[in-house]
Every structure is written in structure tokens, then in C-alpha cells.
Amino acid sequence: MSQQKPRLKKPVEKVRAELLADPDTKRIAKSVGMELEAYVELVLDYAQNPDKQPVLQVADDAELRAAGYEAPTPEEVGQFFVAAAKGELGLEGPDFNKSGFESAPSAAGKPSLQGTEGEKPLASDDPEKRQELLNQMRKGGPGRI
């Protein structure tokens, strides 16, 4: 017999009120382009039905245009991934490195708790390298991943 995943431990109305008042929920709803109430109902639906699988719809560019959406170009998708790799999308969680246990002035001569001393930054703002990365990305099309 299959085990059921735990459902909400609080009444739905209380959870709904907490989600509607939560500033993070408001931020997430705005970032995904949904009305707050619709986003909260979607979250509650998945919370009440933990075995429900998310829906992923794949559509052809022509179908998207017919529905009023403009599909991004491969270059725009590439720029999106470059921005994500550089942390420019604003989706970062809390910065746990800023714990308050380590401060720059008094940490002189002590080893870093982060283990990043002497490392070069990973991201580069060099336009040539950026274009080289974009050029290396496969040009997508129907049926290609």
C-alpha cells in the first residue's frame, strides 16, 4: 500500500491568510507574473494535493504568437542564462555568508570561513567572452533541446 504524503497541518483558511500577508509570496507572485490571489490558490492546490504533478506545456512559436505571446529568440535565451549564471535575476536566497560571525577589519590575518581567499571571481564582464559564450550555445528550434 502506498504511503500518503502529509497534507496541511493548519486549516486552509489560516494558511491562505498567512500566504496573502507574506511579503515573499507577494514578491514571488509578481516575479512569475501572476495575481497574488491566483498564485496563493495554486500553492494551496499543490499543498492539499502533494501527489499532483506540475503542468509543463510546450508550444510551437507559431502557437505562442497566435495566443498573443512573443517567443524569445535564441540570443535572448542565451542572455537569460548568462544573467542567471551571474546572479542578476534577483532570485537569490539569503546570503548565509553574511552571518555576522566574521567581519573584515578584525579578520585580518585569520583564515576565511568561506574558503575563497585568493580566488578570482568566476563571472566576467568582458563583452568578448560574453559573446563567445552566446555563440557557443546551440541554436534551438522545434524538436531540439
Side-chain angles (χ1 to χ4, degrees), residues 1-105 107 112-145:
M1 200 173 231
S2 65
Q3 292 181 340
Q4 287 196 356
K5 295 180 181 175
R7 298 186 189 270
L8 294 174
K9 294 184 181 1
K10 298 179 186 178
V12 175
E13 293 303 319
K14 184 172 183 175
V15 174
R16 180 180 287 116
E18 289 174 1
L19 287 171
L20 288 169
D22 183 29
D24 286 333
T25 303
K26 293 175 185 174
R27 180 184 53 79
I28 294 169
K30 182 179 178 184
S31 71
V32 296
M34 292 181 71
E35 295 291 327
L36 177 61
E37 293 77 14
Y39 177 74
V40 167
E41 292 306 316
L42 183 65
V43 169
L44 287 173
D45 182 43
Y46 282 107
Q48 292 173 353
N49 302 296
D51 293 327
K52 184 176 182 178
Q53 294 294 314
V55 177
L56 174 66
Q57 296 178 347
V58 178
D60 191 44
D61 288 356
E63 293 174 14
L64 290 174
R65 284 187 203 96
Y69 297 100
E70 188 58 39
T73 65
E75 288 76 21
E76 291 171 332
V77 173
Q79 290 172 354
F80 172 81
F81 283 114
V82 169
K86 292 173 79 176
E88 296 172 349
L89 296 181
L91 302 175
E92 303 87 30
D95 188 359
F96 294 109
N97 290 329
K98 295 183 180 176
S99 63
F101 290 107
E102 186 175 295
S103 61
S112 169
L113 296 176
Q114 300 169 1
T116 57
E117 63 273 355
E119 291 183 11
K120 295 179 183 176
L122 295 177
S124 171
D125 290 332
D126 183 11
E128 270 184 34
K129 286 186 181 181
R130 178 183 174 92
Q131 190 57 46
E132 182 183 338
L133 286 172
L134 288 173
N135 291 340
Q136 289 177 8
M137 296 187 68
R138 282 178 44 186
K139 301 292 182 188
R144 295 186 73 184
I145 297 177

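Atom set for the values below is all heavy atoms of this structure, side chains included, hydrogens, waters and symmetry mates excluded.
A distance of 7.5 Å separates CD1 of Ile28 from CG of Asp22, quoted to the nearest 0.5 Å. Note that the NZ atom of Lys30 and the CD atom of Glu35 stand 12.0 Å from one another [nearest 0.5 Å]. Of the inter-residue distances, the one linking Glu41 atom CD with Gln48 atom CD reads 8.5 Å to the nearest 0.5 angstrom. To the nearest 0.5 angstrom, Lys10 atom NZ is 14.0 Å from Arg16 atom CZ. One finds the NZ atom of Lys9 at 14.5 Å from the NZ atom of Lys14 (value rounded to the nearest 0.5 Å).
When every heavy atom of Leu36 is checked against every heavy atom of Ala29, the shortest pair comes out as CA-CB, 4.0 Å. Taking both residues in full, the closest heavy atoms of Tyr46 and Val55 are given as OH-N, 3.8 Å, listed atom of the first, atom of the second, then distance. The heavy-atom pair separating Leu20 from Lys26 by the smallest distance is O-CE, 3.1 Å.
By the 4.0 Å N-to-carboxylate-O rule, Glu132 lies too far from Lys129 to be salt-bridged with it.
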Handout entry: side-chain contact (heavy atoms from CB on, under 4.5 Å) evaluation trace for Asp24 with Arg27
Key = CA-CA 5 Å; Asp24 286 333; Arg27 180 184 53 79; 3.9 Å; yes

